[in-house]
Amino acid sequence: MIKTFEEWIVNVSILGDVACYSARVNYLSGLNERQKQAAEHLAGPLLIIAGAGAGKTKTITHRIAHLIGGGARPDSILAVTFTNKAAAEMRARTLTLLGLDPGLSPFSSRSPRMTTFHSLGVQILREHAGTFGIPTSFNIWDRDDSSRLIKRILADRGLERFTPRTVLGRISREKGKAQTVDHFVAQTHSFESEEIGEVWRRYEEGLRKEGALDFDDLLLRTLLLLQEEAHVRQALQERWHHLTIDEYQDTNRVQYEIARLLAGERMNLCAVGDTDQNIYSWRGADPRYTLSFERDFPNAKVVLLEENYRSTQTILAAANSVIAKNTRRFDKRLFTGNPTGEAITLFAGASDREEAMFVARTARELLGSGVPASEIAVLFRENFQSRALEEAFIWAGLPYRVLGVRFFDRAEVKDVLSYVRAALNPHAFTDFARAAGVPSRGIGKQTLEKIARGEESVLSGAARIKIDSFRSLLRRVREALLQKPASEALRLVLAESGLERILAEGDEEARERLTNIFELISHAMRYDELSPPHGIEKLLEDAALMGEQDALQDSRERPISLMTVHAAKGLEFDAVFVTGLEQGLFPSERANDEERDNEEERRLFYVALTRAKKFLYLTLAGVRIRYGAREHTIPSSFLHDIDERLISYADTRMFEPTIEL
């Protein structure tokens, strides 16, 4: 509600250009009838069940533009999704609809707030850090940081039977259920859980000592803040009057509760998702929040988007028949006005090598027929499958990339960012120790251990000189971070640290690493518009939260993509190979574990099928080398769900033991 003349002036200046443009634009134009129904529902709870390729993003962006065209302030609208890439695409498309520059800063008051759950948590926690007793400049630990601390704790306690991955996974799942360590310990009923609880306590102590939060804390602490601080909750409810949650089927307990609390009594919550694409139960995602939406938000409107604009009729017929066997879902059936298309090709190779050769040969034929490399994807259930595929692609001389290696996971990039974090946060000893060793400046492991134990006074004179010199460097870095734009500050880090000189004088691999640091500095320029140190803080935040699909875009044409089915979620390609369709692999032999079920494996197969627009290839091997052993396989049970009339069987006699280059 506008209460003062000053607020009225701000409101007019923000909405002026949008209002003028809105008078000439019908934001419902181009939507089909179901999409229009969703976009016209502007008040009260709304659930959009959006089938694969059904124009979900188009519906969301047109609805938000329609809200703004109807008088809603852009900065009163919050849209949350699960990847930075999806948030950026949503923002650009919405701004274009509004007649604004799609490159408009996401921090502008003329832009709706479009972000990820984790980035939203960072924003809220930094704003209210004092209220909640955490440092404003807290560091965000990635999985590697967390694993190193857990590994150290396990070693100290002699708990060799636990792996860091297992313990960290358990802690992560409990935090996703909105459990704190105190709640967990109070409810433990086994010796093993008590031990995990004690490791968890020491892990939390380590995080506090370094002024850090892990990924799960960004959500759990945000939820606790909203629950415990009524004034914070009310302020945020007044800031954001309209809330949209994308990929709602992937929400866990914490994310669901955050959405519910932010929606408040207005309940202007638009949830968009598809129970058929819930494939992250191992992260705590629970489709029940989608299935119970009408109960949790009374008088909710439900709209089903079933018209697919992506795939051929043949591909959709196969996908519909596969997913129809699941019971925990909204009943829907995708249809399309697209052509019938090519039959689905099924190839059964004698071995995984033969399967890989078929994929490589067929991919080469697709390239020869005019399909761009960027429009070809090879999907697999488990990462180990990529080995045979990569060998075949190298042999065939095909351009490819294995999705999943994040730019910000490169060692040289993490080295530079460690300097930044250590300079900004004097408690970040992990970053202090990493930066002290790159390049080497004679500060050894024993010296660092003494500093960590608070025994710096016993260091030799030579060691103290080296430590003092390094701290002097960090003070210069801190001064630059507080005064200079983000990219300029990183240039200083590169020069003052000695990294530039060492890498420039090194071999070809070293110079390649230097090129990656230059790319980091180039990337940092987009944060220069924010005043110091907010620009570099935002860069650190985005680097920590960057997902597999959020990698920096290569300026060169993208090659063929090799990736897991999980990584392919949200993507689409002209031609898709789904490999390893064998019982025990896809569906996984772990399907009956408490972390997975057969319905989720079927949803995963459905996601794989619906990534394809024109050409779909299903492959399997009679013998597969797995974990160093040869295994004889049987075809996946999922193949029996597809009508044989949709399938064309590849002639295995066409296989050649070598590929002509």
Side-chain angles (χ1 to χ4, degrees), residues 134-142 144-157 202-213 411-484 486 488-506 510 513-514 517 520 532-533 536-537 540 544:
I134 58 177
T136 304
S137 58
F138 61 81
N139 285 341
I140 303 170
W141 272 17
D142 61 18
D144 287 343
D145 297 324
S146 297
S147 293
R148 278 194 292 271
L149 177 55
I150 293 290
K151 182 178 181 179
R152 194 159 63 241
I153 295 170
L154 291 175
D156 290 345
R157 296 186 61 79
R202 293 189 61 182
Y203 172 65
E204 293 297 328
E205 291 170 4
L207 286 170
R208 280 195 296 273
K209 184 178 179 181
E210 297 225 12
L213 300 179
E412 59 274 13
V413 173
K414 297 187 81 168
D415 291 341
V416 172
L417 296 183
S418 284
Y419 275 92
V420 174
R421 287 192 291 262
L424 288 176
N425 183 351
H427 301 293
F429 182 76
T430 299
D431 289 302
F432 178 91
R434 179 174 187 136
V438 284
S440 175
R441 45 181 47 88
I443 300 175
K445 182 178 179 180
Q446 290 185 350
T447 297
L448 292 170
E449 287 177 350
K450 289 177 182 177
I451 295 174
R453 293 195 300 265
E455 301 173 358
E456 192 168 342
S457 60
V458 304
L459 292 176
S460 67
R464 281 199 296 270
I465 289 173
K466 293 173 183 176
I467 290 295
D468 289 344
S469 176
F470 180 58
R471 285 188 172 137
S472 177
L473 166 61
L474 290 182
R475 284 194 292 271
R476 293 197 300 276
V477 171
R478 178 179 175 82
E479 184 177 342
L481 293 170
L482 295 178
Q483 297 179 5
K484 296 178 180 292
E488 289 186 29
L490 289 185
R491 287 192 187 97
L492 181 138
V493 171
L494 182 58
E496 293 280 324
S497 66
L499 275 169
E500 185 170 20
R501 177 180 55 81
I502 292 293
L503 294 176
E505 295 174 355
R513 292 171 61 196
L514 180 59
I517 297 176
L520 172 65
I536 202 70
E537 288 175 346
L540 290 175

Restricting to pairs with a member in [range], which pass ring-ring contact (aromatic ring centres under 6.0 Å, His included), not counting sequence neighbours?
range	answer
residues 434-458	none
residues 455-476	Phe432-Phe470
residues 433-466	none

Determine whether Ile451 and Leu459 satisfy the following criterion, side-chain contact (heavy atoms from CB on, under 4.5 Å), listing intermediate values before the conclusion.
CA-CA 9 Å; Ile451 295 174; Leu459 292 176; 4.2 Å; yes
Taking C-beta and beyond as the side chain, do [X] and [Y] meet within less than 4.5 Å on heavy atoms?
X	Y	result
Ile140	Leu540	no
Arg475	Arg478	no
Phe138	Asn425	no
Glu479	Arg476	no

As an exercise, state the distance from [atom1] of [X] to [atom2] of [Y], rounded to the nearest 0.5 Å.
X	Y	atom1	atom2	answer
Arg152	Arg202	CZ	CZ	9.5 Å
Asp144	Thr430	CG	OG1	12.0 Å
Ile134	Leu213	CD1	CG	5.0 Å
Glu500	Glu505	CD	CD	10.5 Å
Leu424	Asn139	CG	CG	8.0 Å
Leu520	Lys414	CG	NZ	13.0 Å

Using atom types as modelled and distance alone, determine if a side-chain donor or acceptor of Ser469 lies under 3.5 Å from a backbone N or O of Ile465.
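A pair under 3.5 Å: no.
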Smallest separation among heavy atoms of [X] and [Y], with atom names:
X	Y	result
Tyr419	Val477	O-CG1, 4.3 Å
Lys484	Pro532	O-CG, 3.3 Å
Ile443	Ala436	CD1-CB, 4.1 Å
Leu448	Phe429	O-CZ, 3.1 Å
Pro439	Ile502	CB-CG1, 3.9 Å
Ala423	Leu474	CB-O, 3.6 Å

Of Leu494, Val493, Leu499, Leu492, which is the lone residue that meets side-chain contact (heavy atoms from CB on, under 4.5 Å) with Glu496?
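So the option named by the test is Leu492.
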Do Arg513 and Glu412 meet the salt-bridge criterion of a basic N to acidic O distance under 4.0 Å?
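Counted as a salt bridge, because a side-chain N and a carboxylate O are separated by less than 4.0 Å.
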Could you list all the salt bridge (charged side-chain N to carboxylate O under 4.0 Å, His left out) pairs where at least one residue sits in residues 426-448, not counting sequence neighbours?
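Of all non-adjacent pairs touching residues 426-448, those that pass salt bridge (charged side-chain N to carboxylate O under 4.0 Å, His left out) are Asp415-Arg434, Arg421-Asp431.
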Scan for salt bridge (charged side-chain N to carboxylate O under 4.0 Å, His left out) pairs involving residues 461-472, sequence neighbours excluded, and state none if there are none.
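Non-adjacent pairs meeting salt bridge (charged side-chain N to carboxylate O under 4.0 Å, His left out): Glu456-Arg471.
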Take atom CD in Gln446; do more than 12 heavy atoms of anything else shown fall under 6.0 Å from it?
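It does not: Gln446 CD has 12 such atoms or fewer within range.
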Partners meeting salt bridge (Lys or Arg N to Asp or Glu O under 4.0 Å) with Glu210 (sequence neighbours left out):
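Listed in chain order: nothing, the list is empty.
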Report the C-alpha distance between Ile517 and Leu490 in whole Å, list the side-chain angles of each, state the deciding distance to 0.1 Å, and finish with yes or no for side-chain contact (heavy atoms from CB on, under 4.5 Å).
CA-CA 9 Å; Ile517 297 176; Leu490 289 185; over 6 Å; no
